[in-house]
Amino acid sequence: MDSNRTGVLTIVATPIGNLNDMVPRAVQTLQSVSLIACEDTRHSKKLLNHFSIDKPCIAYHDHGDRHMIEKLLLRLEKGEDVALISDAGTPLISDPGYRLVAQARSRGITVVPVPGACAAIAALSVSGLPTDSFYFGGFLPAKTGQRKTALNDLKAATETLVFYEAPHRILETVVDMAEIFGHQRQAFLAREISKTFETFLQGSLDELQQQISLDTNQQRGEIVLVIAGEDEKSANTSVDSDKVLRLLLKELPASKAASLTAKICGVDKKAMYQAALELQGK
Ligand code: SAM
(Lines give C-alpha, C1' and ligand atoms only; values in the text may rest on other atoms or scores of the structure.)
Protein backbone atom coordinates (compact mmCIF):
# COMPACT_ATOMS: atom_id res chain seq x y z
CA MET A 1 0.00 0.00 0.00
CA ASP A 2 1.31 3.45 -0.95
CA SER A 3 0.73 5.72 2.09
CA ASN A 4 0.58 8.87 -0.09
CA ARG A 5 -2.06 7.46 -2.33
CA THR A 6 -5.78 7.57 -1.60
CA GLY A 7 -7.59 4.29 -2.24
CA VAL A 8 -10.15 3.82 -4.99
CA LEU A 9 -13.76 2.89 -4.33
CA THR A 10 -14.95 0.55 -7.09
CA ILE A 11 -18.65 -0.11 -7.60
CA VAL A 12 -18.76 -3.63 -8.98
CA ALA A 13 -21.81 -5.10 -10.72
CA THR A 14 -22.44 -8.81 -10.14
CA PRO A 15 -24.79 -11.23 -11.99
CA ILE A 16 -28.58 -11.10 -11.55
CA GLY A 17 -28.90 -14.87 -11.88
CA ASN A 18 -26.48 -16.55 -14.24
CA LEU A 19 -22.97 -16.62 -12.76
CA ASN A 20 -21.50 -16.68 -16.28
CA ASP A 21 -22.54 -13.04 -16.49
CA MET A 22 -19.79 -12.10 -14.02
CA VAL A 23 -17.36 -10.00 -16.08
CA PRO A 24 -13.63 -10.84 -15.80
CA ARG A 25 -12.76 -7.33 -14.58
CA ALA A 26 -15.23 -7.75 -11.70
CA VAL A 27 -13.37 -10.87 -10.58
CA GLN A 28 -9.96 -9.17 -10.98
CA THR A 29 -11.11 -6.11 -9.02
CA LEU A 30 -12.59 -8.13 -6.16
CA GLN A 31 -9.39 -10.20 -5.99
CA SER A 32 -7.23 -7.10 -5.79
CA VAL A 33 -9.00 -4.85 -3.26
CA SER A 34 -8.27 -4.83 0.50
CA LEU A 35 -11.91 -4.97 1.50
CA ILE A 36 -15.30 -5.77 -0.02
CA ALA A 37 -18.38 -3.96 1.29
CA CYS A 38 -21.45 -6.17 0.73
CA GLU A 39 -25.18 -5.77 1.22
CA ASP A 40 -25.32 -9.21 2.89
CA THR A 41 -21.98 -10.87 3.59
CA ARG A 42 -23.43 -14.40 3.83
CA HIS A 43 -25.18 -14.04 0.48
CA SER A 44 -22.09 -12.60 -1.24
CA LYS A 45 -19.77 -15.26 0.21
CA LYS A 46 -21.39 -17.81 -2.15
CA LEU A 47 -20.52 -15.67 -5.19
CA LEU A 48 -17.03 -14.89 -3.88
CA ASN A 49 -16.30 -18.56 -3.12
CA HIS A 50 -17.44 -19.52 -6.61
CA PHE A 51 -14.80 -17.21 -8.07
CA SER A 52 -12.15 -18.13 -5.45
CA ILE A 53 -12.14 -14.59 -4.07
CA ASP A 54 -10.90 -14.64 -0.51
CA LYS A 55 -11.07 -11.09 0.83
CA PRO A 56 -12.43 -9.59 4.02
CA CYS A 57 -16.09 -8.59 3.68
CA ILE A 58 -18.15 -6.19 5.75
CA ALA A 59 -21.86 -5.45 5.62
CA TYR A 60 -22.84 -2.04 4.29
CA HIS A 61 -26.31 -0.43 4.32
CA ASP A 62 -27.10 3.17 3.48
CA HIS A 63 -29.33 3.46 6.53
CA GLY A 64 -27.16 1.43 8.84
CA ASP A 65 -24.43 2.48 11.22
CA ARG A 66 -23.05 5.97 10.41
CA HIS A 67 -19.68 4.84 11.74
CA MET A 68 -19.49 2.15 9.07
CA ILE A 69 -19.38 4.77 6.28
CA GLU A 70 -16.75 6.70 8.23
CA LYS A 71 -14.68 3.53 8.72
CA LEU A 72 -14.79 2.76 4.98
CA LEU A 73 -13.88 6.35 4.06
CA LEU A 74 -10.95 6.38 6.49
CA ARG A 75 -9.60 3.13 5.05
CA LEU A 76 -9.90 4.60 1.55
CA GLU A 77 -8.15 7.78 2.70
CA LYS A 78 -5.36 5.65 4.14
CA GLY A 79 -4.79 4.19 0.69
CA GLU A 80 -6.74 0.92 0.79
CA ASP A 81 -8.83 0.03 -2.26
CA VAL A 82 -12.43 -0.92 -1.45
CA ALA A 83 -15.09 -2.55 -3.64
CA LEU A 84 -18.83 -2.31 -3.13
CA ILE A 85 -21.13 -5.07 -4.32
CA SER A 86 -24.82 -5.75 -3.68
CA ASP A 87 -26.71 -9.06 -3.55
CA ALA A 88 -27.18 -8.95 -7.32
CA GLY A 89 -26.77 -6.59 -10.24
CA THR A 90 -25.52 -3.03 -10.12
CA PRO A 91 -25.09 -1.56 -6.62
CA LEU A 92 -27.11 1.63 -5.91
CA ILE A 93 -29.82 0.63 -8.40
CA SER A 94 -32.58 -0.06 -5.83
CA ASP A 95 -29.68 -1.24 -3.68
CA PRO A 96 -27.39 0.31 -1.02
CA GLY A 97 -24.43 2.52 -1.88
CA TYR A 98 -25.71 6.03 -2.56
CA ARG A 99 -24.54 7.57 0.72
CA LEU A 100 -21.13 5.94 0.50
CA VAL A 101 -20.55 7.13 -3.07
CA ALA A 102 -21.83 10.65 -2.33
CA GLN A 103 -19.59 11.03 0.70
CA ALA A 104 -16.56 9.46 -0.99
CA ARG A 105 -16.94 11.94 -3.86
CA SER A 106 -17.36 14.88 -1.52
CA ARG A 107 -14.07 13.91 0.15
CA GLY A 108 -12.23 13.70 -3.16
CA ILE A 109 -11.97 9.91 -3.23
CA THR A 110 -11.92 8.37 -6.70
CA VAL A 111 -15.03 6.27 -7.42
CA VAL A 112 -15.11 4.06 -10.52
CA PRO A 113 -17.56 1.46 -11.81
CA VAL A 114 -17.07 -2.04 -13.11
CA PRO A 115 -20.23 -2.19 -15.24
CA GLY A 116 -22.29 -5.33 -15.59
CA ALA A 117 -25.78 -6.75 -15.14
CA CYS A 118 -28.75 -4.60 -14.21
CA ALA A 119 -32.24 -6.15 -14.28
CA ALA A 120 -33.97 -2.92 -15.36
CA ILE A 121 -31.70 -2.43 -18.37
CA ALA A 122 -31.77 -6.12 -19.30
CA ALA A 123 -35.60 -6.10 -19.30
CA LEU A 124 -35.85 -2.81 -21.19
CA SER A 125 -33.40 -4.04 -23.83
CA VAL A 126 -35.66 -6.96 -24.82
CA SER A 127 -39.06 -5.32 -24.20
CA GLY A 128 -39.64 -4.06 -27.73
CA LEU A 129 -40.81 -0.78 -26.18
CA PRO A 130 -39.10 2.54 -26.98
CA THR A 131 -35.70 2.83 -25.32
CA ASP A 132 -34.69 6.33 -26.44
CA SER A 133 -36.12 7.81 -23.28
CA PHE A 134 -37.23 5.94 -20.18
CA TYR A 135 -38.12 6.50 -16.54
CA PHE A 136 -36.91 4.09 -13.87
CA GLY A 137 -39.30 4.02 -10.92
CA GLY A 138 -37.58 1.37 -8.76
CA PHE A 139 -40.12 -0.31 -6.47
CA LEU A 140 -43.58 1.28 -6.29
CA PRO A 141 -44.99 1.86 -2.79
CA ALA A 142 -46.36 -1.35 -1.21
CA LYS A 143 -49.52 0.36 0.10
CA THR A 144 -52.33 0.51 -2.45
CA GLY A 145 -53.23 4.18 -1.91
CA GLN A 146 -49.64 5.38 -2.20
CA ARG A 147 -49.02 3.14 -5.21
CA LYS A 148 -52.07 4.54 -7.01
CA THR A 149 -50.92 8.09 -6.28
CA ALA A 150 -47.47 7.30 -7.68
CA LEU A 151 -49.02 5.74 -10.80
CA ASN A 152 -51.39 8.69 -11.27
CA ASP A 153 -48.38 11.01 -11.21
CA LEU A 154 -46.89 9.01 -14.11
CA LYS A 155 -50.10 8.62 -16.08
CA ALA A 156 -49.22 11.23 -18.71
CA ALA A 157 -45.48 10.44 -18.94
CA THR A 158 -44.49 9.71 -22.52
CA GLU A 159 -41.28 7.86 -21.62
CA THR A 160 -41.22 4.08 -21.28
CA LEU A 161 -41.67 3.25 -17.58
CA VAL A 162 -39.57 0.61 -15.82
CA PHE A 163 -40.34 -0.79 -12.35
CA TYR A 164 -39.14 -3.55 -10.06
CA GLU A 165 -41.95 -5.45 -8.38
CA ALA A 166 -42.23 -8.15 -5.72
CA PRO A 167 -43.92 -11.36 -6.95
CA HIS A 168 -46.68 -11.28 -4.30
CA ARG A 169 -47.72 -7.79 -5.44
CA ILE A 170 -47.40 -8.21 -9.19
CA LEU A 171 -51.07 -8.96 -9.85
CA GLU A 172 -52.44 -6.03 -7.84
CA THR A 173 -49.88 -3.68 -9.38
CA VAL A 174 -50.83 -4.70 -12.92
CA VAL A 175 -54.53 -4.29 -12.01
CA ASP A 176 -53.83 -0.78 -10.66
CA MET A 177 -51.79 0.08 -13.76
CA ALA A 178 -54.62 -1.06 -16.06
CA GLU A 179 -57.08 1.07 -14.12
CA ILE A 180 -54.84 4.16 -14.15
CA PHE A 181 -52.85 3.93 -17.41
CA GLY A 182 -55.72 2.37 -19.41
CA HIS A 183 -56.46 -1.29 -20.06
CA GLN A 184 -54.94 -1.24 -23.52
CA ARG A 185 -51.58 0.34 -22.57
CA GLN A 186 -48.80 -1.98 -23.84
CA ALA A 187 -46.62 -3.67 -21.25
CA PHE A 188 -43.84 -6.21 -20.85
CA LEU A 189 -43.02 -8.43 -17.89
CA ALA A 190 -39.54 -9.94 -17.51
CA ARG A 191 -39.28 -12.67 -14.87
CA GLU A 192 -36.21 -14.50 -13.62
CA ILE A 193 -33.92 -12.99 -16.27
CA SER A 194 -30.92 -15.23 -17.04
CA LYS A 195 -32.20 -17.99 -14.70
CA THR A 196 -33.82 -21.39 -15.32
CA PHE A 197 -37.40 -20.08 -15.34
CA GLU A 198 -36.72 -16.97 -17.40
CA THR A 199 -40.08 -15.84 -18.83
CA PHE A 200 -41.19 -12.82 -20.85
CA LEU A 201 -44.82 -11.76 -21.25
CA GLN A 202 -46.00 -8.99 -23.52
CA GLY A 203 -49.34 -7.46 -24.40
CA SER A 204 -51.82 -4.93 -23.11
CA LEU A 205 -52.09 -4.47 -19.34
CA ASP A 206 -55.40 -6.37 -19.49
CA GLU A 207 -53.74 -9.27 -21.32
CA LEU A 208 -50.88 -9.34 -18.82
CA GLN A 209 -53.33 -9.28 -15.93
CA GLN A 210 -55.14 -12.27 -17.43
CA GLN A 211 -51.95 -14.26 -18.00
CA ILE A 212 -50.70 -13.57 -14.47
CA SER A 213 -53.95 -14.53 -12.80
CA LEU A 214 -54.38 -17.71 -14.87
CA ASP A 215 -50.81 -18.92 -14.30
CA THR A 216 -49.70 -18.46 -10.68
CA ASN A 217 -46.10 -19.29 -11.67
CA GLN A 218 -46.08 -15.74 -13.03
CA GLN A 219 -46.44 -14.58 -9.43
CA ARG A 220 -43.10 -16.09 -8.43
CA GLY A 221 -39.47 -15.10 -8.69
CA GLU A 222 -37.93 -11.75 -9.54
CA ILE A 223 -39.80 -9.41 -11.84
CA VAL A 224 -39.28 -6.26 -13.90
CA LEU A 225 -42.29 -4.48 -15.40
CA VAL A 226 -41.83 -2.29 -18.47
CA ILE A 227 -44.78 -0.11 -19.48
CA ALA A 228 -45.20 1.89 -22.68
CA GLY A 229 -45.37 5.64 -22.15
CA GLU A 230 -48.55 7.51 -22.98
CA ASP A 231 -48.39 8.28 -26.67
CA GLU A 232 -48.73 11.94 -27.60
CA LYS A 233 -52.01 11.36 -29.44
CA SER A 234 -53.71 9.56 -26.57
CA ALA A 235 -52.15 12.01 -24.12
CA ASN A 236 -54.18 14.70 -25.88
CA THR A 237 -57.20 12.44 -25.84
CA SER A 238 -56.81 11.78 -22.14
CA VAL A 239 -56.80 15.51 -21.40
CA ASP A 240 -59.93 15.83 -23.48
CA SER A 241 -61.62 12.85 -21.88
CA ASP A 242 -60.96 14.29 -18.46
CA LYS A 243 -62.52 17.59 -19.50
CA VAL A 244 -65.51 15.93 -21.18
CA LEU A 245 -66.12 13.70 -18.17
CA ARG A 246 -66.02 16.63 -15.75
CA LEU A 247 -68.51 18.59 -17.90
CA LEU A 248 -70.90 15.67 -18.33
CA LEU A 249 -70.78 14.80 -14.64
CA LYS A 250 -72.29 18.18 -13.86
CA GLU A 251 -75.42 17.16 -15.78
CA LEU A 252 -75.57 13.34 -15.68
CA PRO A 253 -75.17 10.37 -13.35
CA ALA A 254 -71.69 8.76 -13.25
CA SER A 255 -72.52 5.73 -15.42
CA LYS A 256 -74.13 7.82 -18.18
CA ALA A 257 -71.34 10.43 -18.09
CA ALA A 258 -68.73 7.64 -18.28
CA SER A 259 -70.31 5.80 -21.20
CA LEU A 260 -70.80 9.03 -23.19
CA THR A 261 -67.21 10.13 -22.51
CA ALA A 262 -65.98 6.71 -23.64
CA LYS A 263 -67.95 7.03 -26.89
CA ILE A 264 -66.96 10.64 -27.58
CA CYS A 265 -63.23 10.22 -26.80
CA GLY A 266 -62.76 6.57 -27.82
CA VAL A 267 -61.48 5.61 -24.35
CA ASP A 268 -62.26 2.74 -22.00
CA LYS A 269 -65.75 2.92 -20.41
CA LYS A 270 -64.80 1.13 -17.17
CA ALA A 271 -61.83 3.42 -16.63
CA MET A 272 -64.08 6.47 -17.20
CA TYR A 273 -66.62 5.12 -14.72
CA GLN A 274 -63.86 4.64 -12.15
CA ALA A 275 -62.58 8.15 -12.85
CA ALA A 276 -66.13 9.51 -12.49
CA LEU A 277 -66.51 7.87 -9.07
CA GLU A 278 -63.19 9.27 -7.99
CA LEU A 279 -64.20 12.76 -9.15
CA GLN A 280 -67.39 12.41 -7.12
CA GLY A 281 -65.25 11.38 -4.14
CA LYS A 282 -66.76 7.89 -3.92
N1 SAM B 1 -29.36 -3.72 -8.22
C2 SAM B 1 -30.18 -4.69 -8.89
C3 SAM B 1 -30.05 -4.49 -10.41
O4 SAM B 1 -29.07 -3.91 -10.85
O5 SAM B 1 -30.91 -4.97 -11.13
C6 SAM B 1 -31.61 -4.63 -8.43
C7 SAM B 1 -31.76 -4.89 -6.97
S8 SAM B 1 -33.40 -4.82 -6.41
C9 SAM B 1 -33.19 -4.97 -4.67
C10 SAM B 1 -34.01 -6.42 -6.77
C11 SAM B 1 -35.11 -6.39 -7.81
O12 SAM B 1 -34.53 -6.35 -9.12
C13 SAM B 1 -35.97 -7.65 -7.80
O14 SAM B 1 -37.00 -7.58 -6.84
C15 SAM B 1 -36.51 -7.64 -9.22
O16 SAM B 1 -37.57 -6.73 -9.33
C17 SAM B 1 -35.30 -7.13 -10.00
N18 SAM B 1 -34.48 -8.28 -10.43
C19 SAM B 1 -33.28 -8.64 -9.95
N20 SAM B 1 -32.84 -9.75 -10.59
C21 SAM B 1 -33.78 -10.07 -11.51
C22 SAM B 1 -33.91 -11.09 -12.48
N23 SAM B 1 -32.98 -12.02 -12.63
N24 SAM B 1 -35.01 -11.10 -13.26
C25 SAM B 1 -35.97 -10.15 -13.12
N26 SAM B 1 -35.89 -9.17 -12.21
C27 SAM B 1 -34.82 -9.11 -11.42
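- Note on Leu73 and Ile11: same hydrophobic cluster, where clusters join Ile, Leu, Val, Met, Phe, Trp and Tyr whose side-chain heavy atoms are under 4.5 Å apart, directly or indirectly.
- Atom CD1 in Ile180 sits 4.5 Å away from atom CG in Asn152 (nearest 0.5 Å).
- The side-chain heavy atoms of Thr173 and Arg147, taken from C-beta on, include a pair separated by under 4.5 Å.
- Summarising the geometry, atom CG belonging to Leu74 is positioned 12.0 Å from atom NE2 belonging to His67; distances are rounded to the nearest 0.5 Å.
- Looking at Lys55, its side chain never comes within 3.5 Å of a backbone N or O of Leu30 through a donor-acceptor pair.
- The number of heavy-atom neighbours closer than 6.0 Å to CZ of Phe139, taken from other residues, nucleotides and ligands shown, is above 12.
- At distances below 3.5 Å, at least one donor-acceptor pair connects side-chain atoms of Asp81 with backbone N or O atoms of Val8.
- The heavy-atom pair separating Arg99 from Arg66 by the smallest distance is NH2-CG, 4.3 Å.
- Remark: the backbone N or O of Pro167 is not paired with any side-chain donor or acceptor of Arg220 at under 3.5 angstrom.
- The two residues Leu151 and Met177 have their closest heavy-atom pair at CD1-CG, 3.9 Å.
- Interatomic distance, CD of Gln209 versus CG of Leu214, reported as 10.0 Å (0.5 Å rounding).
- Between Thr160 and Thr131 the shortest side-chain heavy-atom distance does not fall below 4.5 Å.
- Heavy atoms from other residues, nucleotides or ligands lying under 6.0 Å from CG of Asp54 number 12 at most.
- No more than 12 heavy-atom neighbours from other residues, nucleotides or ligands sit within 6.0 angstrom of NZ on Lys256.
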Is there a salt bridge (charged side-chain N to carboxylate O under 4.0 Å, His left out) between Asp40 and Lys46? Walk through the geometry before answering. CA-CA 11 Å; Asp40 175 345; Lys46 290 180 212 149; over 6 Å; no
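- In this structure, the separation between SG on Cys38 and NE2 on His43 is 9.5 Å, given to the nearest 0.5 Å.
- In terms of heavy-atom proximity, Tyr60 sits nearest to Ala37 at CB-CB, 4.0 Å.
- No more than 12 heavy-atom neighbours from other residues, nucleotides or ligands sit within 6.0 angstrom of NZ on Lys269.
- The side chain to side chain donor-acceptor pair (under 3.5 Å) contacts involving residues 105-126 comprise Glu70-Arg107, Glu77-Arg107, where partners must be two or more places apart or lie in separate chains.
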Verdict with supporting geometry, Val112 and Thr10, side chain to side chain contact (heavy atoms under 4.5 Å, CB included): CA-CA 5 Å; Val112 295; Thr10 309; 3.7 Å; yes
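- In this structure a side-chain-to-backbone donor-acceptor pair under 3.5 Å is missing from Glu179 to Val175.
- When the side chains of ILVMFWY residues are joined at heavy-atom separations under 4.5 Å, either directly or via intervening members, Val114 and Leu35 end up in two distinct hydrophobic clusters.
- Note on Val33: it clusters hydrophobically with Leu48, by side-chain heavy-atom contacts below 4.5 Å among ILVMFWY residues.
- One finds the CD atom of Gln186 at 9.5 Å from the CG atom of Leu208 (value rounded to the nearest 0.5 Å).
- In this structure, Phe136 is not a member of the same hydrophobic cluster as Leu154, with clusters built from ILVMFWY side-chain heavy atoms closer than 4.5 Å.
- Using bins of under 30°, 30° to 60° and over 60° for the plane-to-plane angle, the ring pair Phe188/Phe200 lands in the parallel bin.
- When atom types are taken as modelled, the side chain of Asp62 and the backbone of Tyr98 share a donor-acceptor pair closer than 3.5 angstrom.
- Under the 4.5 Å side-chain heavy-atom criterion for Ile, Leu, Val, Met, Phe, Trp and Tyr, Val174 and Phe163 are members of the same hydrophobic cluster.
- Ile170 is listed as a side-chain neighbour of Leu225, based on a closest heavy-atom distance under 4.5 Å.
- Between Val162 and Ala120, the closest heavy-atom pair is CG1-CB, 3.9 Å.
- In this structure, the side chain of Ser86 does not engage the main chain of Glu39 through any donor-acceptor pair within 3.5 Å.
- Within a 6.0 Å sphere centred on CD of Gln202, other residues, nucleotides and ligands contribute 12 heavy atoms or fewer.
- In this structure, Glu222 contributes its side chain and Ile193 its backbone to no donor-acceptor pair below 3.5 Å.
- Using a 4.5 Å cut-off on side-chain heavy atoms (C-beta onward), Leu84 and Leu72 make no contact.
- Here the side chains of His63 and Pro96 are not in contact, with every heavy-atom distance at 4.5 Å or above.
- Within 6.0 Å of the NZ atom in Lys270, the count of heavy atoms belonging to other residues, nucleotides or ligands does not exceed 12.
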Please evaluate residues Thr261 and Asp242 with respect to the criterion side chain to side chain contact (heavy atoms under 4.5 Å, CB included), reporting the C-alpha separation (whole Å), side-chain torsions for both, the decisive distance (0.1 Å), and the verdict. CA-CA 9 Å; Thr261 307; Asp242 194 52; over 6 Å; no
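- In this structure, the side chains of Val224 and Tyr164 come closer than 4.5 Å at one or more pairs of heavy atoms.
- Here the closest heavy-atom approach between residue Asp95 and residue Thr90 is recorded as OD2-O, 4.2 Å.
- In terms of heavy-atom proximity, Ile58 sits nearest to Met68 at CD1-SD, 3.3 Å.
- Using a 4.5 Å cut-off on side-chain heavy atoms (C-beta onward), Leu189 and Gln211 make no contact.
- Remark: Arg191 CZ to Gln219 CD distance equals 10.0 Å, nearest 0.5 Å.
- For the pair Leu205 and Phe181, the minimum side-chain heavy-atom distance is below 4.5 Å.
- For the salt bridge (charged side-chain N to carboxylate O under 4.0 Å, His left out) with Glu80, the qualifying choice from Lys71, Arg5, Arg75 is Arg75, the only one to do so.
- Taking a 6.0 Å sphere around CZ of Phe134, one finds it holds 12 or fewer heavy atoms contributed by other residues, nucleotides or ligands.
- Remark: the backbone N or O of Cys57 is not paired with any side-chain donor or acceptor of Thr41 at under 3.5 angstrom.
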